[in-house]
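For reference, the structure discussed in these notes is given below.
Every chain is numbered from 1 and lettered A, B, ... according to where its sequence line falls, protein lines coming before strand lines.
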Amino acid sequence: MSNQGIARIFRNMAFYLEMENAAFKPQAYEKAATNLEVSVEDIGEIYKKGGIKALEEIPGIGKSMAEHIVEYIKTGKIKEYEIFKKKMPVVLDELLGVEGLGPRKISILYKVLDIKNLKDLENAAKKHKIASLSGFGEKTEKNILEGIEFLKRSTGRFLLGHILSEAREIIAKLANLKEVSFISEAGSLRRRKETIGDVDILVISSKPRIVIDNFVSLPGVVKIWGKGSTKTSIRLKKGFDIDLRVLKKESFGSALQYFTGSKEHNIVLRKIAIEKGLKLSEYGLFRGERMIAGKIEEEIYEKLGLQFIPPEMRENTGEIELALKNKLPKIVELKNIKGDLHCHSHWGEGKEMSLQMIKRYAELAMKRGYEYIGISDHTKFLQIEHGLDEKQLAEQRKYINKLNQKLKIENYKLKILHGCEANIMADGSIDISDEALAKLDYVIAGVHSQLKMNKNEMTKRIIRAMKNPNVDIISHPTGRILQKREEYKIDFDEILKVAKETGAILEINASPYRLDLKDANIRRAKQIGVKMIINTDSHQEEQMYFMEYGVSQARRGWAEKGDIINTQPLKKLLEFFK
DNA sequence: GCCGTTTTCGGCCCGACTGTTTTCAGTCG
């Protein structure tokens with residue numbers, strides 16, 4: 001019984017309704033699904049607390065949807081959905097994944113050729129049964145086969161951390177063209193979602209054809225489609241797609257706004273425009289024929305009576321309502337970050353090498369303008385990581401003290417803090433003695449073993465760690481690895497409650513493989529008043545640049561400077577530690 | 001099916017491109 005589960009059903013119902021050509025209902029279900037997906041509170045909890053009335057309070061959920069939800073909570077099923085499935089027993093997820101196939105075409109393919117899944121579709125296409133259908137043709141059949149091939153090889157979405165640097169390289173190449181006057185990333189990349197489906201790039205140029213011709217001849221292009229006078233798409237050998245759109249200078253702001261999305265955010269903006277007697281599109285904001293804004297993005301929001309909304313917040317999860325009331329939070333920025341407390345130096349693998357590493361961490365920290373950097377190696381339970389025992393921690397301490405003295409003598413304004421990333425054992429105890437922990441500047445503790453405990457036990461385990469008087473920070477609190485490993489089962493609300501009581505700080509792990517806490521959990525933590533810290537969990541000095549991803553994630557969770565303790569100067573930071 | 005600072009009916013976001021058509025439906029973002 002999860003928000004995601006019921007959202008998926010609603011989304012599928014939207015597709016079934018579209019197959020039947022129903023008017024407006026599909027969008028209603030679509031919207032309800034999206035609102036459930038992004039809902040911060042668990043739908044089961046909402047119902048338990050406030051009954052069906054509380055469900056109807058959720059935007060996009062009315063009487064009928066609320067009844068569906070109750071039915072789902074009580075029986076695990078929705079009758080209307082079951083009827084749809086019986087009538088149209090197609091594997092929607094599979095078929096909708098094929099480019100160019102939507103509900104209408106899928107419906108025809110099922111009714112005429114009894115195509116239910118990808119396998120059926122491939123067989124039919126190979127036997128040339130599809131081209132002769134009315135509304136289809138040779139090209140469509142070929143595209144379907146190509147779409148299936150791509151699906152088989154494709155890995156789906158890409159990690160933000162992987163795709164952002166790739167996109168930046170391509171943007172830099174295009175920016176060099178003299179025909180390009182402005183260029184920007186857009187879409188979910190600009191919103192810094194943790195995974196990216198494809199890259200959107202917006203270019204301002206008065207010579208779109210030249211830009212598009214250069215774009216499609218970039219190295220590594222394996223497919224080109226949608227090539228028109230203002231836009232085109234390419235697929236790169238690396239497996240991801242890039243959509244390029246070229247517009248004129250006077251539309252830069254509106255185009256950037258439009259292509260940044262999200263779709264849901266834009267729909268609401270256009271409705272606000274209509275209410276004001278205006279029309280908003282990628283070309284600009286218009287009153288009748290007259291353009292009243294378009295050149296810069298800020299202007300679009302201003303003319304609609306809204307505060308400027310940062311891209312990371314544009315998901316239609318309440319940001320527009322706040323912007324209308326001039327009450328948007330001032331979210332944290334990369335430049336607010338004053339240090340990084342989760343850096344591994346691999347002391348256990350050789351202290352000479354490790355010392356050199358700590359020095360390089362310090363150098364890079366100074367380059368980034370940090371006031372402090374924290375070394376936190378794994379501890380003894382993690383043998384595979386050469387975790388440190390009490391004695392080694394004490395020895396490491398001596399060396400770090402020496403380094404700090406040296407920095408002071410040379411008049412550098414950086415302090416190296418000494419911590420560790422201790423292991424939270426199955427019973428919630430810590431694998432290092434309290435006396436040794438007490439001598440450190442701070443203690444991070446994290447779960448690294450026995451990840452498959454039940455919810456109750458895992459919650460108790462982390463709570464006990466937070467109550468330890470020496471534990472300051474919980475690293476990667478939910479344990480997920482993006483696209484690889486689920487979160488461990490925990491009662492997150494309970495953890496937030498105890499974090500608030502004990503002053504334990506939750507980490508926003510900036511590693512692009514984790515990004516843990518995730519955006520929705522950051523919002524909940526902020527609501528409760530739990531402090532957070534953005535750490536890179538660097539295992540090599542170069543990984544300190546992960547900080548950017550952590551900050552984006554914090555911004556997506558609406559965290560403000562005051563919610564994040566490593567925005568504070570050293571003295572203030574240390575006050576947060578027990 | 002949802003929603004309301006034109007409130008309980010009558011609206012519901014906008015545009016490009018493709019492939020099939022011969023004026024447009026379907027898909028995508």
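- With P as the reference atom, dC14(B) and dT8(B) are 23 Å apart, rounded to whole Å.
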Using the 3.5 Å cut-off, write out each protein N or O paired with an N or O of nucleotides 23-29 of chain B and the distance between them.
| from | atom 1 | to | atom 2 | distance (Å) |
| --- | --- | --- | --- | --- |
| dG26(B) | OP1 | R104(A) | NE | 3.1 |
| dT27(B) | OP1 | G102(A) | N | 2.7 |
| dT27(B) | OP1 | G102(A) | O | 3.1 |
| dT27(B) | OP1 | K105(A) | N | 2.9 |
| dT27(B) | OP2 | R104(A) | N | 3.3 |
| dC28(B) | OP1 | G100(A) | N | 2.8 |
| dG29(B) | N2 | Y258(A) | OH | 2.1 |

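- Between the CD1 atom of I61(A) and the C1' atom of dC3(B) there is a distance of 13 Å, given to the nearest Å.
- The same atom, C1', is picked in dA16(B) and in dG11(B); the two are 26 Å apart, to the nearest Å.
- Annotation: side chain to side chain contact (heavy atoms under 4.5 Å, CB included) contacts of K237(A) (sequence neighbours excluded): V222(A).
- Counting to the nearest Å, the C1' atom of dC2(B) and the NE2 atom of H68(A) are 13 Å from each other.
- E282(A) and K231(A) are not joined by a salt bridge, as no carboxylate oxygen comes within less than 4.0 angstrom of a charged side-chain nitrogen.
- Residue-level contact check: I274(A) touches the backbone only, with heavy atoms under 4.0 Å from sugar-phosphate atoms and none from bases.
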Tell me which donor-acceptor pairs under 3.5 Å the side chains of residues 324-336 of chain A have, and how far apart each pair is, sequence neighbours excluded?
| from | atom 1 | to | atom 2 | distance (Å) |
| --- | --- | --- | --- | --- |
| N326(A) | OD1 | Q307(A) | NE2 | 3.3 |
| N336(A) | OD1 | E333(A) | N | 2.8 |

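- In this entry the distance linking NE2 of H265(A) with P of dC14(B) reads 15 Å, nearest Å.
- With a glycosidic angle more than 90° from 0, dT20(B) adopts the anti conformation.
- Neither OP1 nor OP2 of dT18(B) sits under 4.0 Å from any side-chain N or O of K227(A).
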Pairs under 3.5 angstrom only: tabulate donor-acceptor contacts from the side chains of residues 78-87 of chain A to other protein residues two or more places apart or in another chain.
| from | atom 1 | to | atom 2 | distance (Å) |
| --- | --- | --- | --- | --- |
| E80(A) | OE1 | H68(A) | NE2 | 3.4 |
| Y81(A) | OH | N12(A) | ND2 | 3.0 |
| K87(A) | NZ | E20(A) | OE2 | 2.9 |

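- In this structure, CD of E264(A) is placed 15 Å from C1' of dC12(B), rounded to the nearest angstrom.
- Remark: E166(A) engages K238(A) in a salt bridge, criterion side-chain N to carboxylate O under 4.0 Å.
- For residues 131-145 of chain A, the side-chain hydrogen bond (donor to acceptor under 3.5 Å, both in side chains) pairs, not counting sequence neighbours, are H128(A)-E141(A).
- The pair R556(A)-E194(A) does not count as a salt bridge, with every side-chain nitrogen at least 4.0 angstrom from each carboxylate oxygen.
- Spacing of C1' atoms, dT7(B) relative to dC2(B), comes out at 13 Å, to the nearest Å.
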I'd like a table of donor-acceptor pairs (distance under 3.5 Å, sequence neighbours excluded) in which one partner is a side-chain atom from residues 91-101 of chain A, with atom names and distances.
| from | atom 1 | to | atom 2 | distance (Å) |
| --- | --- | --- | --- | --- |
| D93(A) | OD2 | R8(A) | NH2 | 3.1 |
| E94(A) | OE1 | L118(A) | N | 2.8 |
| E99(A) | OE2 | R235(A) | NH2 | 2.7 |

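- Using C1' as the reference atom, dG26(B) and dT21(B) are 13 Å apart when rounded to the nearest Å.
- Regarding Q257(A), its CD atom lies at a distance of 14 Å from the P atom of dG15(B), rounded to whole Å.
- Taking atom P in both dT27(B) and dT20(B), one finds a spacing of 13 Å when rounded to whole Å.
- To the nearest whole angstrom, the two P atoms, one in dT18(B) and one in dC12(B), are 29 Å apart.
- Applying the side-chain hydrogen bond (donor to acceptor under 3.5 Å, both in side chains) test to pairs two or more places apart or on separate chains, those with a residue in residues 102-113 of chain A are S107(A)-K111(A).
- Pair check for dT8(B) finds none; no Watson-Crick or G-U wobble contact set falls under 3.5 Å.
- Using a cutoff of 4.0 Å between basic side-chain nitrogens and carboxylate oxygens, R11(A) and E30(A) are scored as salt-bridged.
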- Sugar-phosphate means primed atoms, P, OP1 and OP2; the rest is base. With that split, encode nucleotides 6-11 of chain B 5' to 3' as B, S or - using protein heavy atoms under 4.0 Å. ------
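- Taking atom C1' in both dT5(B) and dG1(B), one finds a spacing of 24 Å when rounded to whole Å.
- Between the CD1 atom of I272(A) and the P atom of dC3(B) there is a distance of 16 Å, given to the nearest Å.
- Looking at residues 131-144 of chain A, you'll see G135(A), F136(A), G137(A), E138(A), K139(A), T140(A), N143(A) sit with a heavy atom under 4.0 Å from some atom of DNA chain B.
- For K126(A), the side chain to side chain donor-acceptor pair (under 3.5 Å) partners two or more places apart in sequence, or in a different chain, are E122(A).
- As a whole-Å value, the separation of E56(A) CD from dG4(B) P is 13 Å.
- Atoms CD (E321(A)) and P (dT5(B)) sit 12 Å apart, rounded to a whole Å.
- Remark: Y29(A) is not in phosphate contact with dC12(B), judged by side-chain N or O atoms under 4.0 Å from OP1 or OP2.
- Screening residues 198-222 of chain A for side-chain hydrogen bond (donor to acceptor under 3.5 Å, both in side chains) gives D213(A)-K227(A) as the qualifying pairs, with residues at least two apart or on separate chains.
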For residues 173-187 of chain A, which side-chain N or O atoms pair as donor and acceptor with protein atoms under 3.5 Å away, sequence neighbours left out?
| from | atom 1 | to | atom 2 | distance (Å) |
| --- | --- | --- | --- | --- |
| S181(A) | OG | I204(A) | O | 3.0 |
| E185(A) | OE2 | R192(A) | NH1 | 2.7 |
| E185(A) | OE2 | R192(A) | NH2 | 3.1 |

